[in-house]
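Everything on this sheet refers to the single structure shown next.
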Amino acid sequence: MHRNHLGSPQHRSNALLLGLIASVMIGAGAFADATLDVEPSATSTTAGIKGFEISDESTAEGSVWSCKVVDTRAKSGSITVRTDGTRTTAKIVPAAGGSAIEIGVWGVGDLEVKRDGVVVASIATTSAPGERIPIVGDIRGLKELQADPAWGVVLAAASDSKLLDHLRASAPVAAPSCEDACRTDWPTPDDCVGPWDSYICRIVAANYDFCRRSCRCDSLGSPGAEARKSAAAALLILEKLKCAPALAL
């Protein structure tokens, strides 16, 4: 089911004028009065998060998943996710102002964070010749991101179990035939011990899960398929981002 909580003429006009495909930033009062689609987990409630407002917008390129993290103005913001099939991108806009960031993930663990078009953090992986699973990664800027408001907004979403469960229910997994093919594409690594290997194992698990959900979505008719694909893409990038902070320690 498509839901759009940004349907007012003013919001649509602003979105067109600014050229955004995503939800626009809204003020403190609007966040306080938002109708929540997902209640926060106990951990998020303790951190002060009120919940999450979800929407899905169809575009010529497919569906774009949007989420508002509802908290105090200092911690609220909007997240929008889209994918081109090889790269999944999230744009995060903090409600209190400040620079938005754009996060791209692809491959087996590669990640790039941009602010104002400039790369401020990244994980670049290196694999051995003929191997798919990366053996090492060049990690830059993640530690400095910990104080960034937009980074905090997306990590709050990635850490909420109820939001992740909502996305899993929105994009159900596939039949065993798809699961077998996806396991072939995303085999479980032999070693998951240590920060780097643990990170890679969780990235592989997220990609395997995304493969199964995308396979199921492809078997459904439009427009339901596109909405489910956008939920699967959102789950993919949130699961990947949930793994990244451990590499900043």
On a heavy-atom basis, which atom in [X] and which in [Y] lie closest, and how many Å separate them?
X      : Y      : value
Lys242 : Ala158 : CD-O, 3.2 Å
Thr45  : Pro40  : OG1-CG, 3.3 Å
Lys75  : Val153 : O-CG2, 3.4 Å
Ala244 : Leu142 : O-CD1, 3.7 Å
Pro149 : Pro94  : CB-CB, 4.2 Å
Pro245 : Leu155 : CG-CD1, 3.8 Å

Do side-chain atoms of [X] reach the backbone of [Y] as a donor and acceptor pair under 3.5 angstrom?
X      : Y      : answer
Ser76  : Val70  : no
Asp148 : Ala150 : yes
Asp160 : Ser41  : yes
Lys50  : Gly48  : yes

Once you round to the nearest 0.5 Å, how far does [atom1] of [X] lie from [atom2] of [Y]?
X      : Y      : atom1 : atom2 : result
Asp191 : Ile200 : CG    : CD1   : 11.5 Å
Leu236 : Thr88  : CG    : OG1   : 4.5 Å
Asn207 : Ser214 : CG    : OG    : 10.0 Å
Thr89  : Glu112 : OG1   : CD    : 9.5 Å
Cys243 : Leu238 : SG    : CG    : 11.0 Å
Phe52  : Asp71  : CZ    : CG    : 9.0 Å

Validation: residues 162-174 side-chain donor-acceptor distances under 3.5 Å, sequence neighbours left out:
residue: Asp165; atom: OD1; partner: Arg168; partner atom: NH1; Å: 2.7
residue: Arg168; atom: NH2; partner: Glu239; partner atom: OE2; Å: 2.7
residue: Ser170; atom: OG; partner: His166; partner atom: O; Å: 2.9

Exercise for the section: Verify the cluster assignment for Leu247 and Trp151: are they in a single hydrophobic cluster under the rule of side-chain heavy atoms below 4.5 Å apart? Expected result: yes
Practice task
Say whether Phe210 and Ile203 are linked into one hydrophobic cluster, either directly or through other cluster members, by side-chain heavy-atom distances under 4.5 angstrom.
Solution key: no
Heavy-atom side-chain proximity of [X] to [Y] below 4.5 angstrom:
X      : Y      : value
Val204 : Trp186 : yes
Asp185 : Arg132 : yes
Pro134 : Ser127 : yes
Lys91  : Val64  : no
Val108 : Thr125 : no
Val120 : Glu144 : no
Leu111 : Leu241 : yes

Practice task
Please list, chain by chain and in numerical order, all residues satisfying side-chain contact (heavy atoms from CB on, under 4.5 Å) with Asp138, sequence neighbours excluded.
Solution key: Ala124, Arg140
Problem - By side-chain contact (heavy atoms from CB on, under 4.5 Å) - contacts of Ser230 (at least two apart) - result: Asp56, Ser63, Trp65
Practice task
Could you tell me which residues satisfy ring pair (Phe, Tyr, Trp, His ring centres under 6.0 Å) with Tyr199, sequence neighbours excluded, listed by chain and number?
Solution key: Trp196
Problem - Results of disulfide bond (SG atoms under 2.5 Å apart) for Cys182 - residues two or more places apart only - result: Cys211
Problem - Within residues 196-211 or reaching into it, pairs that qualify as salt bridge (charged side-chain N to carboxylate O under 4.0 Å, His left out) - sequence neighbours excluded - result: Asp209-Arg212, Asp209-Arg213
